[in-house]
Q: 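Got a structure here, written out as structure tokens. Questions coming.
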Amino acid sequence: MAWENTLGDQLVHENHQNIAETQLIQYFNLVIKSARGSIVTDVEGKKYIDLLGSDSAMNIGHNHPKVVEAMKKQIDNFIGYDAGYFTNPVSVKLGARLAALAPGNGRGKVAYGTSGSDATEALIKFSRAATGRSYIVSYEGAYHGSTYGALTAGACDVDMIRKIGPLLPNVVHVPYPNLYRRHPGESEHDVAVRYFEAFKRPFDTYLPVEETAGVIMEPIQGDSGIIIPPREYVQLVYNFCHDHGIMFAVDEINQGLGRTGTFWSYQHFGITPDLLATGKSLACALPMSAVLGSAEIMDSLKTSAYVFTAGGNPVVAAAALATLDVIDSEDLVHKSAVDGEYAKQQFQKLADKYDCIGDIRVLGLNGGIELVKDRQTKEPDPEAAAKIIYRAFQKGVIMVKLHGNVLRFQPPLTISRQLLDRAFEILDEVFNDFEHDRIELPEELIHEGW
Ligand SMILES: Cc1ncc(COP(=O)(O)O)c(C=O)c1O
């Protein structure tokens, strides 16, 4: 089976001629002409329900009118000026707003960046500067971005680090707890304790605790399949950090800003991190990230150790301010929690009908639906995931997969119940097609995604 040679196919082909392969993640040939709310329209005018939300970078929906208006207003004033040299009213206002969102009750400060990747660099830099130590502990399965520090802290796809080493020194990876793949008979408590033992092992053997600067954790691991760790585990690691003067730094780039039904995902775990990185939805997928922490930690670096020409850009800052306003005024954190519960029930109904669904991990409008060949053995079924997202695309639903066999569910938090219901009706048809072996993948898609 081959492509149909639509305008979308042609544009994707042209794109492949000019864009470096490393920047292309092949799923299916969707070329977007416009997008509003939770609907994306392609270059041929076909409409799709967006269950990906630009990989969790569009929490308030596409082209929210308040964001568009705020940006236009700022563009009429001026587009940009390096805010490191001379600031502007919009960036100042956003700075105050973000500093107030820093974890903890004391005075917070913010450092702007332009991507989630550079925000991870900042987590490493501030952890080292604030403690005067060098080692960083992070997690197997983590995705933190693709600059050198972020790549070193991450560990979710070996292709990401092929041919480019050496990476950053003094970064150690520990396993991330996985409740679905627990040992037979293990309780959630047992899993928490087993993984905490694994976390401590390096400190007993080769990692001097007094030289450890920070632990960087996604409180819910996103790109490895929306993996939700035991609350007890997060608390054990957090307490260990505090007992040993280690910074506990969270990456909220994917899971923050209401995605999980709380404003930040760490709030599910009863802890208060020292450092927090946000990005993606902060300015509706425009280039902005921010690292938040106490004034003391954030002032540990000297001038120019972490500064960017476009950091805090006023047009992007206007978008971020409007985004934060919309999250509040449309009560999106609460909506995410309520609609997430509803979505979880709908996935459960699908699981009652279709055996390929092995695990449903949904918290807020945020889900990983793990597909398996057999519920007993839990053997992953990446082919099922590839076929299901392809047929969903054909039927007008955008969904991709994570870690090979996990369907990724991250629609805009503004999605209506009506659209959600329609998406689940389509998914029902799609799973039905899969179970009856009615989905044929184009050859180009057999090894798609990552
Ligand atoms: C958890 C997490 N951290 C960091 C990043 C990197 O962000 P960016 O692609 O903006 O550099 C991502 C991007 O997917 C992410 O999901």
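Numbers for residues simply follow the sequence, beginning at 1. On a predicted model such as this, the values are computed, not experimentally measured, just so you know. Every number for a ligand or one of its atoms is a count from 1 in the order of the listing.
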Q: Does a donor on one side chain sit under 3.5 Å from an acceptor on the other, for N366 and Q255?
A: yes
Q: Find all atoms of ligand 1 within a distance of less than 4.0 Å from any non-hydrogen atom belonging to S117, and give their numbers and elements.
A: 6 (C), 7 (O), 8 (P), 11 (O)
Q: Assess D251 for proximity to ligand 1: is some non-hydrogen atom of it under 4.0 Å away?
A: yes
Q: For F203, which of F240, Y135, F196 qualifies under ring pair (Phe, Tyr, Trp, His ring centres under 6.0 Å)?
A: F240
Q: Within 45° of the six-membered ring axis of Y306 and under 6.0 Å from that ring's centre, is NZ or CZ of K109 located there?
A: no
Q: Please report which non-hydrogen protein atom sits nearest to atom 2 (C) of ligand 1, along with the residue it belongs to and the distance in Å to one decimal place.
A: Y143 O, 3.2 Å
Q: Is it the case that ligand 1 has an N or O less than 3.5 angstrom from some N or O of K280?
A: yes
Q: Over all heavy atoms of both residues, which pair between P382 and K401 is shortest? Give the atoms and the distance, please.
A: O-CE, 4.4 Å
Q: Is G116 in polar range of ligand 1, meaning some N or O pair under 3.5 Å apart?
A: yes
Q: Mark yes when over 12 heavy atoms from residues, nucleotides or ligands other than Y85 sit less than 6.0 Å from its OH; otherwise mark no.
A: no
Q: What are the atoms of ligand 1, with element, lying closer than 4.0 Å to any heavy atom of E218?
A: 1 (C)
